[in-house]
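Notes follow the structure.
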Amino acid sequence: MRIAIGTRKGLWTALGDAGGWEVSQPLKQMAEFASVAWVPMGEEGPPRLVVGARSWFWGPSVLTSDDDGATWSEPEAGAITFPEDTDAAVERIWNLTPDAREPGRVWAGVEPHSLWKSVDGGSTFELNRALWNHPHRPTWQPGAGGPAVHTIIPRPDESMVIAMSTGGVYRSADSATSWEPANRGIKVIFAPDPYPEYGQCVHRIAMDAVNKDRLYAQNHGGVYRSDDGGTSWQPIMEGLPADFGFVVLAHPTKADTAWVVPIDDSTMFPPEGRLRLWRTDDAGGSWREVGEGLPSDDYTSVLRDAAHVIDLDGTAAIVFGTRNGSVHASLDEGDTFTEVASRLPDVLSVRASA
Amino acid sequence: MITAVVHVPAALAQDSGGRRALEFELRDGATLSDLLDEVARQFPALGRRVRDETGAVRRFVNVYVGDDESRSLDGLATLIADQQTVVVVGSVAGG
């Protein structure tokens with residue numbers, strides 16, 4: 001399994017399996033890597049590594065590599081740049097999501113709130129004008145990390161669901177040609193109206209592996225499920241040690257199965273320092289702690305793009321990174337973890353590929 | 001016509017064909033904005049490292065016109081003199 005690890009101060013990869021892990025030297029330095037992705041480019045050849053970088057001095061970039069990070073490409077004009085008429089500038093590439101519906105298709109969630117599409121494996125992107133011109137956009141607010149589209153879910157029928165902080169969940173039924181808010185039932189704790197049409201601070205959403213109308217959301221306070229593609233949501237956080245967190249992962253093949261990483265919102269640490277995943281096998285009806293091998297005195301946090309799950313020969317493999325520079329991997333659906341890397345800069349993004 | 005020389009930091013040499021000093025010809029009365037437009041036209045990657053899509057000099061980039069940082073002059077409207085030296089540097093930031 002390959003793992004790409006984006007941190008606050010550089011980029012690494014790791015290669016390994018149950019026998020152990022080999023972590024690269026830093027592939028890139030002096031930049032943060034808020035987003036990484038392995039993009040399938042067709043039947044043959046390795047996946048392309050696409051990364052969203054930001055130099056504190058020289059600004060954001062999207063870089064691609066077809067040799068696991070040995071060499072990199074970037075168009076001279078940049079992969080993601082706002083058209084002149086928008087009077088906007090890219091601050092950070094928050095998320096890169098390969099679209100399994102077509103090899104080489106990649107979506108990017110960007111700050112300021114915007115969605116971008118590539119059809120050439122992440123070399124160049126086009127701004128989604130429908131979302132950029134949405135009448136709600138001027139009223140979307142920045143989350144603590146900034147105003148960005150951070151979660152992108154391409155669905156099998158050319159519909160899409162996205163999430164942003166703080167705008168909430170939006171969906172499109174027409175290949176991203178138009179967008180509507182989809183937040184009914186998700187509570188906000190920072191505004192007078194607890195159930196607004198939009199404006200929720202949704203931290204992450206994920207789609208069920210079997211029932212594509214079933215979505216899971218880790219909200220800024222509360223975990224939710226939708227059974228109708230986002231039309232309505234219901235709380236499913238009963239039984240969790242904390243209702244806050246940044247991560248929700250849906251099992252890649254099994255129905256009703258998902259994981260969250262609870263964080264205590266009064267400390268921003270795992271509850272009692274126990275860094276653990278919590279798993280549901282009944283779509284949020286109940287939860288149980290998993291993660292043997294994870295530390296029990298770990299005062300850190302796991303950011304939204306720093307966790308990933310993939311199907312590895314019929315089993316869910318989970319990998320996640322922490323803000324104190326560790327990367328943990330499980331090859332048995334989260335039951336047990338081994339440490340892939342430690343003492344890295346704080347981990348912002350992690351993606352695995354079989 | 002006037003001539004100006006832009007000095008490029010080592011970190012950006014890959015975006016200037018490996019050259020650390022770039023000479024540009026400009027019209028009389030050209031401003032720093034005109035000069036950076038010419039930089040971006042000839043070296044697009046270098047241009048967007050220095051300025052963002054709106055044309056603003058990036059927050060942690062300093063552009064010195066002679067001995068003075070351009071923000072302490074007239075910013076992008078600073079007039080460029082003949083034989084002017086312009087230096088691009090990353091500011092002291094980070095940690």
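Worth saying up front: this structure is predicted, and the values here are computed from it rather than measured. Note on naming: letters A, B, ... go to the chains in the order of the sequence lines (proteins, then strands), and numbering restarts at 1 for each one.
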Determine the minimum heavy-atom distance between B:Arg48 and A:Ser61, stating which atoms define it. NH1-OG, 4.4 Å

Residue by residue, scan residues 85-93 of chain A and write down, ordered by number, those that have a heavy-atom distance under 4.5 Å to chain B; if none do, write 'none'. A:Asp87, A:Ala88, A:Ala89, A:Val90

So what's closer than 4.5 Å to chain A heavy atoms on B:Leu12: side chain, backbone, both or neither? side chain

With a 4.5 angstrom heavy-atom cut-off, which part of B:Ala56 approaches chain A: side chain, backbone, both or neither? neither

Is it true that, when you exclude A:Asp67 itself, more than 12 heavy atoms of the residues, nucleotides or ligands shown sit nearer than 6.0 Å to its CG? yes

Mind running side-chain contact (heavy atoms from CB on, under 4.5 Å) on A:Trp58 and B:Val88 for me, showing each step along the way? CA-CA 11 Å; A:Trp58 316 117; B:Val88 175; 4.1 Å; yes

Is A:Glu74 close to chain B through its backbone or its side chain, or both, or neither, when contacts mean heavy atoms under 4.5 Å? side chain

Does atom CD of A:Glu126 have more than 12 heavy-atom neighbours, drawn from other residues, nucleotides or ligands, at distances under 6.0 Å? no

Under 4.5 Å to a heavy atom of chain B? For A:Pro83 that would be neither

Max heavy-atom pair count under 4.5 Å with chain A, selected residue of B:Val50, B:Val61, B:Thr54, B:Val89: B:Thr54

Got more than 12 heavy atoms from elsewhere within 6.0 Å of CE, A:Met41? yes

When you look at CZ of B:Arg59, are more than 12 heavy atoms from neighbouring residues, nucleotides or ligands closer to it than 6.0 Å? no

So which heavy atom on B:Phe60 is nearest to which on A:Phe57, and how close? O-CD2, 3.3 Å

